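These notes concern the structure reproduced below.
None of these values were measured; they are calculated from a predicted model. All ligand and atom numbering here is 1-based and tracks the order in the structure.
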Amino acid sequence: MAPRTDPDRYVLFGHPVGHSWSPFIHALFARQFDHLIDYKLGDVPPAEFRRAVIDFFVAGGAGANVTLPHKPAAAEVVNELSARAERAQAVNTIIRRSATLLLGDNTDGVGLVTDLLRNQGVALTGARVLILGAGGAVRGVLAPLLEQEPRQLCIANRTPDRAQRLQREFSDLGEISACGFDAVDDRPWDLVINATAASLAGEVPALPPRTVGAATVCYDMAYGRGETAFQRWAAARGAARACKGWGMLVEQAAESYRLWRGVRPATRPVLDALERL
Ligand code: ATR
């Protein structure tokens with residue numbers, strides 16, 4: 001009888017995580033390589049997060065993803081941080097070096113940039129980019145966006161102070177401006193990225209009237225079934241395109257998979273499968 005091979009075990013830690021598509025996405029990745037993996041959801045409250053991570057890896061876990069609200073805490077649990085995770089002060093991928101040596105990385109930013117460049121065909125170099133929001137989601141993507149050398153990058157937030165704090169923190173990587181929504185430069189931007197939680201409440205930040213033009217691509221980092229409030233808002237203002245964050249989700253997952261297993265899965269077939277659903 002052939003020896004039984006146990007699957008490599010992965011987990012997504014979050015709270016809540018019930019809605020997550022990650023097990024589905026990683027199962028499709030594994031199928032591309034005939035890898036045997038078992039990817040589960042780990043719903044743990046903040047007070048139990050640290051213990052849950054340690055227990056998982058001591059018990060032989062191969063790798064973990066981390067989502068809200070644990071990303072900053074994960075940066076404290078691991079032994080080492082990649083440069084980009086250190087910048088983001090947040091970890092979404094834990095790589096097992098050994099049972100007691102865990103490396104924390106952050107693939108959110110590279111996921112967004114890869115989706116924009118490869119899947120959406122959006123040029124970032126030389127572009128005028130407006131980011132709405134100044135929370136953890138923005139902190140995670142600023143460095144990879146600046147690496148593409150946009151002509152202008154503005155962070156606009158409901159609370160301008162938080163945008164200005166990010167501006168100061170990342171100013172060594174490129175020129176950033178920061179303001180409240182009403183002070184945004186009222187000319188069409190090339191790309192407007194919504195990273196606020198406003199969508200969750202069905203709201204859209206109140207921007208000056210001409211920030212979106214016929215050549216503007218609007219990108220909502222939120223995703224889900226149907227159009228988001230931000231997508232509807234962008235379409236009503238005649239944006240060239242209004243996309244949402246499925247591509248970012250799949251691309252960040254592919255990058256995690258590569259970090260764990262050394263091969264990068266093709267993402268197009270997975271995006272197509274999600275679209276069919
Ligand atoms: P995340 O990690 O998802 O970025 P966060 O750190 O709580 O979460 O940040 C949420 C972001 O959404 C912030 O930029 C927040 O603005 P404030 O800094 O002013 O709180 C923004 N946000 C939440 N609800 C909003 C709303 N109704 N309109 C506009 N911005 C909103």
| query | For Asn106, which of Asn92, Leu81, Thr93 qualifies under side chain to side chain contact (heavy atoms under 4.5 Å, CB included)? | reply | Asn92
| said: Under 3.5 Å, is there a donor on one side chain and an acceptor on the other for Ser199 and Asp220? | reply: yes
| said: Within the structure provided, determine whether Gln252 and Ser256 are in side-chain contact (heavy-atom separation under 4.5 Å). | reply: yes
| How far is atom 5 (P) of ligand 1 from its nearest protein heavy atom, and which residue and atom name does that atom have? | Gly135 CA, 4.0 Å
| request: Over 60° means perpendicular and under 30° means parallel, so classify the ring planes of His26 and Tyr39, tilted if in between. | output: parallel
| message | Tell me whether Arg87 is salt-bridged to Asp172, with the criterion being a basic N under 4.0 Å from an acidic carboxylate O. | response | yes
| Does the gap between the ring centers of Phe49 and His70 come in under 6.0 Å? | yes
| query | What do you reckon, does Leu68 have a nitrogen or oxygen under 3.5 Å from a nitrogen or oxygen of ligand 1? | reply | no
| task | Report the relative orientation of the aromatic rings in Trp21 and Trp246; use parallel for angles under 30°, tilted for 30 to 60°, perpendicular for over 60°. | result | perpendicular
| field | Residue and atom name of the nearest protein heavy atom (relative to atom 19 (O) of ligand 1), distance in Å to one decimal | value | Thr159 OG1, 2.4 Å
| field | Nitrogen or oxygen atoms of Pro205 and ligand 1 under 3.5 Å apart | value | no
| note | For Gly133, the ligand 1 atoms with a heavy-atom partner under 4.0 Å come out as 14 (O)
| request: Report the part of Thr196 (side chain from C-beta onward, or backbone N, CA, C, O) that has a heavy atom under 4.0 Å from ligand 1; answer both or neither where that applies. | output: both
| task | Could you tell me the residue and atom name of the protein heavy atom closest to atom 12 (O) of ligand 1, and the distance to it rounded to 0.1 Å? | result | Ala197 N, 2.9 Å
| remark: At under 4.0 Å between heavy atoms, what of Arg158 touches ligand 1? The answer is both
| remark: min-distance protein heavy atom vs atom 27 (N) of ligand 1 -> Glu203 OE1, 2.7 Å
| field | Pick from Ala198, Ala201, Gly180, Ser199: the one approaching atom 29 (C) of ligand 1 most closely through a non-hydrogen atom | value | Ala198
| field | Trace of the salt bridge (charged side-chain N to carboxylate O under 4.0 Å, His left out) decision for Arg165 with Asp161 | value | CA-CA 6 Å; Arg165 219 175 306 150; Asp161 273 4; 5.6 Å; no
| said: If you take the nearest heavy atom of each of Arg162, Lys71, Arg139, which one is closest to atom 18 (O) of ligand 1? | reply: Arg162
| task | Quick one: sort the His35 and Tyr257 rings into parallel, tilted or perpendicular, breaks at 30° and 60°. | result | parallel
| request: Identify, for atom 16 (O) of ligand 1, the protein heavy atom at the shortest distance, and state residue, atom and that distance. | output: Asn157 OD1, 3.3 Å
| field | Heteroatom proximity flag, Ala195 to ligand 1, N/O under 3.5 Å | value | no
| field | The one among Ala134, Gly136, Pro72 that brings a heavy atom closest to atom 8 (O) of ligand 1 | value | Gly136
| query | Looking at Glu80 and Arg97, does any basic side-chain N land under 4.0 Å from a carboxylate oxygen? | reply | no
| said: Pairs of nitrogen or oxygen atoms closer than 3.5 Å, one from Ala137 and one from ligand 1: do any exist? | reply: yes
